J.: 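Sending over a structure as structure tokens; questions will come in a sec.
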Amino acid sequence: MQTTSAPLATIASLAAHEGQTITLRGWLYNLRASGKLLFPIFRDGTGTIQGIVPKAAVSEEVFETLKNLTLESSLIVTGKVRADARAPSGFELDVEGVEVIQKVPEDTPFPIQLKEAGVDFLMEHRHLWLRTPRQSAILRVRATIMRAAAEYFDTNGFTRTDPPILTPNACEGTSELFEMDYFDDDKAYLTQSGQLYIEATALALGKVYSFGPTFRAEKSKTRRHLTEFWMIEPEVAFLELEGLLELAEGFITHIVTTVLAQHRSDLKVIGRDTEKLEAVVAPTPTTNNSSVILSEAQSAQSKDPEGSGPANAAPNLSATKPASGAANKFPRLSYDEAHAMLEDAFAKGLIETRHKDGDDFGSPDETYISSQFDKPVMIHRYPSAIKAFYMQPDPIDPSRALCVDVLAPEGYGEIIGGSQRVDSYDLLKSRIEAHDLPLAAFQWYLDLRKYGSVPHSGFGMGIERAVAWICGLDHVRETIPFARTLNRIYP
RNA sequence: UCCUGAGUAGCUCAAUGGCAGAGCAUUCGGCUGUUAACCGAAGGGUUGUAGGUUCGAGUCCUACCUCAGGAGCCA
């Protein structure tokens, strides 16, 4: 077998090798046989292609080797690339030679079947499940989402400053944190957010972001929760809430645009309806929709360039607009407007439980609200009482926090949570005390308000929820190579 | 922590309280254009665990274990 004489190629690049004899290195994904004609399907990590092996066209050895080969055996195959209308990808491989690297034993066949399988079984075999085309496609899209997210900040003047993963204590209690011994008598906790630390780096560097894993020991068992997940968090000095909303719009728009540009075929394998994603990044039409008018009024305020003081002097934020110049506005609702929408829906019998004014929104509430729009919806100014201690009160109504939750469309729920931060030393100190948090542990955080405090804002986006939404998945466990959930830490 | 549901062949699932079954996978045989191929045959079982009711339990009862979906909480 002269399998190494032909040039190496990947399946994804076969269109460029039509008519040539090439070598592929990969695995046997499936095998069909029809008498003296074999149809092996090869995969190599970049895609799959069907090979054609007529008994009369190859040596007895090659035919028998392939005929008896087991699924997921590793191999090197040589063949000629030929366009064929019958092939899903448009190309087939006329096999000329094959070299088996390792044959999967017949008595221990590859456990992941092409037919249906249950969640428990698949998760128990996650290390092998990853080989299936759909799972591979999801991981490729995830990689692009992570790259595009970092790229958006990298090209807009942000400096990446990653916070520690081991932290001395919680920012909001320790019950949701993973605890571990830290030498002698100390305890350490796995971070649940780098926010407090990047507030410090933002005041050092202006515009910063962090990107890394975070951990929550919440006993949540839902399609939206992992105990270990990745979060990307920007934090910007001299940025107020309205600017933060624009930042989130530009950020999400860039990510979705990039995925649509680079992963059409992967999204097709995953089964994603890309029209829903096109709608997200479509330039905002001028309409009479009240929430759009509201958002334009607000952004007009915040865009006032040298206007009302240092608070609006966020540097270069115009650079975060889409390069095309076309504005992509997401609908914006205040907490009160969202509550009114839910009241209306309850009155019409569209939701089962009535939302109580002053309470946070539940999952069914978020699902209803986001289903009213084809773009992500931004809900701002929640009651301070149900939000974190570090959120700046709205000067117009101090009972409201200058915060925002971004809900993904199609019922995917919250993917971004952010706020303008308290910048007054005295207010922050009283908030820490009111929340019964240990003042000593927050001394460094209070220092940030003592030495040149400025208005500043930031948000965090959970990568897995964003991937689940963009890929149209029904559970975040498929968005990360090895999901960590309440009941599973294997493999 | 609470609510709901599910555990039967390697996988996905059937089985009125009365003989433990099918499809896929595996093995063997057939088929020169198959698209999760198809056709024929074979092997494959401590019905999650421990008790209980009954002439008889996969099926009914109790406890426990495991998993799933949801609530709360969050990204």
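Nothing here was measured: the structure is a model prediction, and the numbers come from that model. Below, chain A is the first sequence line, B the second, and so on; all start at residue 1.
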J.: Under 4.0 angstrom, heavy atoms only, what part of the nucleic acid is A/Arg488 near: base, sugar-phosphate, or nothing?
T.: sugar-phosphate

J.: Are there more than 12 heavy atoms of other residues, nucleotides or ligands under 6.0 Å from atom CZ of A/Arg484?
T.: yes

J.: For nucleotides B/G51 and B/A57, find the distance between their P atoms and express it as a whole number of Å.
T.: 14 Å

J.: Identify whether any heavy atom of A/Lys55 sits under 4.0 Å from a base atom; if not, whether one sits that close to sugar-phosphate; answer base, sugar-phosphate or nothing.
T.: nothing

J.: Within 45 degrees of the axis of the six-membered ring of A/Phe330 and under 6.0 Å from its centre: does A/Lys375 put its NZ or CZ there?
T.: no

J.: With RNA chain B as reference, determine whether A/Asp107 or A/Asp360 sits nearer its 5' end, using the nearest nucleotide of each.
T.: A/Asp107

J.: Check for me whether the distance between the ring centres of A/Tyr390 and A/Tyr445 falls short of 6.0 Å.
T.: no

J.: Under 5.5 Å centre to centre and under 30° between planes: does that hold for A/Phe229 and the six-membered base ring of B/A75?
T.: yes

J.: Would you say A/Arg223 reaches B/A75's phosphate, i.e. side-chain N/O to OP1/OP2 under 4.0 Å?
T.: no

J.: Classify the nucleic acid contact of A/Phe121 as base, sugar-phosphate or nothing, counting any heavy atom under 4.0 Å across all strands shown.
T.: sugar-phosphate

J.: With the side chain of A/Thr70 defined as its heavy atoms from C-beta on, choose the nearest nucleotide among B/G69, B/U34, B/U27.
T.: B/U27

J.: Side chain to side chain donor-acceptor pair (under 3.5 Å) for A/Gln195 and A/Glu235? Distances and angles first, verdict last.
T.: CA-CA 8 Å; A/Gln195 181 205 313; A/Glu235 191 74 31; 5.2 Å; no

J.: For the side chain of A/Thr222 and the base of B/G69, is some donor closer than 3.5 Å to an acceptor across the two?
T.: no

J.: B/G58 and B/C19: how far apart are their P atoms, nearest whole angstrom?
T.: 10 Å

J.: Looking at A/Glu228 and A/Arg216, is there a salt bridge between them, counting it only when a charged N and a carboxylate O are closer than 4.0 Å?
T.: no

J.: Applying a 4.0 Å non-hydrogen cut-off, can you work out what A/Ile112 is touching in the nucleic acid: base, sugar-phosphate, or nothing?
T.: nothing

J.: In whole Å, what separates the P atom of B/C13 from that of B/U1?
T.: 28 Å

J.: Would you indicate what A/Met461 reaches in the nucleic acid, counting non-hydrogen atoms under 4.0 angstrom: base, sugar-phosphate, or nothing?
T.: nothing

J.: What's A/Ala33 touching, base or sugar-phosphate or nothing? Going by heavy atoms closer than 4.0 Å.
T.: base

J.: Select one nucleotide: of B/C24, B/U12, B/G33, the one nearest the side-chain heavy atoms of A/Ser34.
T.: B/G33

J.: Base, sugar-phosphate alone, or nothing: which one does A/His125 contact when heavy atoms must sit under 4.0 Å apart?
T.: nothing

J.: Using atom P of each nucleotide, how far apart are B/C3 and B/U62 to the nearest Å?
T.: 15 Å

J.: Determine the interatomic distance between C1' on B/C2 and the same-named atom on B/A15; round to the nearest Å.
T.: 34 Å

J.: Need one value for A/Arg82: base, sugar-phosphate or nothing, where a base atom within 4.0 Å counts as base even if backbone is also close, heavy atoms only.
T.: base

J.: Answer with yes or no whether A/Gln113 presents, from its side chain, a donor or acceptor under 3.5 Å of a partner atom in the base of B/U12.
T.: no

J.: A/Glu464 near the nucleic acid: base, sugar-phosphate alone, or nothing, with a heavy-atom cut-off under 4.0 Å?
T.: nothing

J.: With hydrogens left out and only the distance checked, is there a donor-acceptor pair under 3.5 Å joining A/Ser220's side chain and the base of B/C74?
T.: no

J.: Tell me what A/Ile41 touches on the nucleic acid: a base, only sugar-phosphate, or nothing, going by heavy atoms under 4.0 Å.
T.: nothing

J.: Do A/Phe229 and A/Phe215 make the cut of ring centroids closer than 6.0 angstrom?
T.: no

J.: Is any side-chain nitrogen or oxygen of A/Arg477 closer than 4.0 Å to OP1 or OP2 of B/G69?
T.: yes

J.: Need one value for A/Glu106: base, sugar-phosphate or nothing, where a base atom within 4.0 Å counts as base even if backbone is also close, heavy atoms only.
T.: sugar-phosphate

J.: Distance check, P atoms only: B/A14 and B/A22, in whole angstrom units.
T.: 16 Å

J.: Students often get this wrong, so: under 4.0 angstrom with heavy atoms, is A/Glu92 touching a base, only sugar-phosphate, or nothing?
T.: base

J.: Applying a 3.5 Å limit to both distances, which nucleotide forms a Watson-Crick or G-U wobble pair with B/C64?
T.: B/G48

J.: In whole Å, measure the gap between the P atoms of B/G52 and B/G44 for me.
T.: 32 Å

J.: Going by modelled atom types, is there a donor-acceptor pair between the base of B/C31 and the side chain of A/Arg32 at under 3.5 Å?
T.: no

